[in-house]
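Structure record follows, encoded as structure tokens.
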Amino acid sequence: MAETGKNNSLTLKVENLKKYFPVHRGFFQRVAAQVKAVDGVDFEIETGKSLGLVGESGCGKSTVGRLILKLLEPDAGKIVYKGRDISALSPKEMLPLRQEIQIVFQDPYGSLNPRMTIGQSIDEGLRCIGLKKTLRKPRRDELLEMVGIWPGSADRYPHEFSGGQRQRVGIARSLSVNPSLIICDEPISALDVSIQAQIINLLNDLQDQLGLSYLFISHDLNVVSYLSDRVAVMYLGHIMEYADTESLFEKPLHPYTLALLSSVPKIEAMGTSAAYTSLSGDVPSPLDPPPGCKFQGRCPQVEEKCRRKEIQFSHLEGDHWVRCWKVSP
Ligand SMILES: Nc1ncnc2c1ncn2[C@@H]1O[C@H](COP(=O)(O)OP(=O)(O)OP(=O)(O)O)[C@@H](O)[C@H]1O
Ligand SMILES: [Mg+2]
């Protein structure tokens, strides 16, 4: 990722990002251990493109999202937004950028105040960007139409909508401040399958219309394949494989990616003779990650070297990266 020459078109570049949560114990609340939630993560998002961040529960996906939003301070590494290093910015310095980087949650109640009508919630965003009162209502109606909600329902409350409609309103609320980058944290996980497809289509259409960049977080590789130009597969705080979506599905290399793919029945990776194996066991605790490769405890191809050696993230052909010495050159 470091060798890209397309920096002008980059919305986001994350380098060696780390976040360790201290665990305090005892009377003096000494730091007894650290949860290595994000342990040296690198990726890029080109303007108008989507990166899918995929992995099992607890692997650090949402923490990456919160670090980019600066809801958490990174312990190490860089977050470069549109060419500017924002990792060390104070909350005050971040204020003008708050509107540019938005989040869509799994549960839209996270971004919608249940005591406000959906119109008021969107209005609040429009006020934030200084839109004059007379222009707010037409813009609010336009935003609601863009996400497929009838503008006449602006005076209804979030609980009066179905889950899918509420997610549409949550998206309209995020769009009200004219963001460039949206972090979608499992935005469809709580919805019925038929509604999931509609929200994916909506996000795709909005991206085409508005040139938005997405970090699309999901535990489901199938979902990620519909929305992402690139995919980063995450495990226990590390990116294990990073590639454009086509390469990742046609030629998955890391044993963890292969195991994740084998747990998604709809996707058949083509053109590879790699052995697909099912994923058994749970993700180990990030409090006590194993030495060597983080996936060694569950990897069907594990060898002695994997247990001893810290595995580097290596570049293969094109834009394909992998953290496994068995498939690295
Ligand atoms: N504020 C915190 N304090 C301590 N530990 C935390 C904190 N936030 C997250 N963690 C831990 O960091 C690890 C990664 O959490 P995170 O929420 O980023 O995972 P995730 O991949 O988003 O999981 P899920 O798919 O379940 O949402 C977990 O072990 C979690 O318990
Ligand atoms: Mg999460």
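Whatever order the structure lists them in is the order used to number ligands and atoms, beginning at 1. Scope of the values below: all heavy atoms of this structure, side chains included, with no hydrogens, waters or symmetry mates. All values reported here derive from a predicted model rather than from experimental measurement.
Ranking protein heavy atoms by distance to atom 11 (C) of ligand 1, first place goes to Val35 CG1, 3.9 Å. The protein atom (non-hydrogen) at minimum distance from atom 9 (C) of ligand 1 is Phe21 CE1, 3.5 Å. For atom 28 (C) of ligand 1, the closest heavy atom belonging to the protein is Gly58 O, 3.9 Å. For atom 27 (O) of ligand 1, the closest heavy atom belonging to the protein is Ser62 OG, 3.9 Å.
Side chains of Tyr20 and Asp39: a donor on one and an acceptor on the other come within 3.5 Å. In this structure, a donor-acceptor pair under 3.5 Å is absent between the side chains of Ser50 and Ser228. In this model, no donor atom of one side chain and acceptor atom of the other lie less than 3.5 Å apart for Asp220 and Ser218.
In this structure, Glu56 pairs ionically with Arg298, as a charged nitrogen and a carboxylate oxygen lie closer than 4.0 Å.
Atom CD of Glu246 has 12 or fewer neighbouring heavy atoms from other residues, nucleotides or ligands inside a 6.0 Å radius. The 12-atom threshold is exceeded at NZ of Lys70, counting heavy atoms of other residues, nucleotides or ligands nearer than 6.0 Å.
Residue Cys59 places a heavy atom under 4.0 Å from ligand 1. Distances shorter than 4.0 angstrom do not occur between any heavy atom of Lys19 and any atom of ligand 1.
Taking 2.8 Å as the criterion, Ser62 counts as a coordinating residue of the Mg ion (ligand 2), since one of its N, O or S atoms falls below it.
Considering only heavy atoms from C-beta on, Ile86 comes within 4.5 Å of Ile101 through its side chain.
A parallel orientation is assigned to the rings of Tyr157 and His159, their planes being inclined by less than 30° (bins at 30° and 60°).
Inside a 4.0 Å radius of atom 31 (O) of ligand 1 there is not any protein heavy atom. The nearest protein heavy atom to atom 6 (C) of ligand 1 is closer than 4.0 Å.
Contact annotation for Gln34 and ligand 1: no heavy atom of the residue comes within less than 4.0 Å of the ligand. Heavy atoms of Thr63 found under 4.0 angstrom from ligand 1 belong to the backbone as well as the side chain.
Residue-to-ligand polar distances keep Ala37 apart from ligand 1: every N/O pair is separated by 3.5 Å or more.
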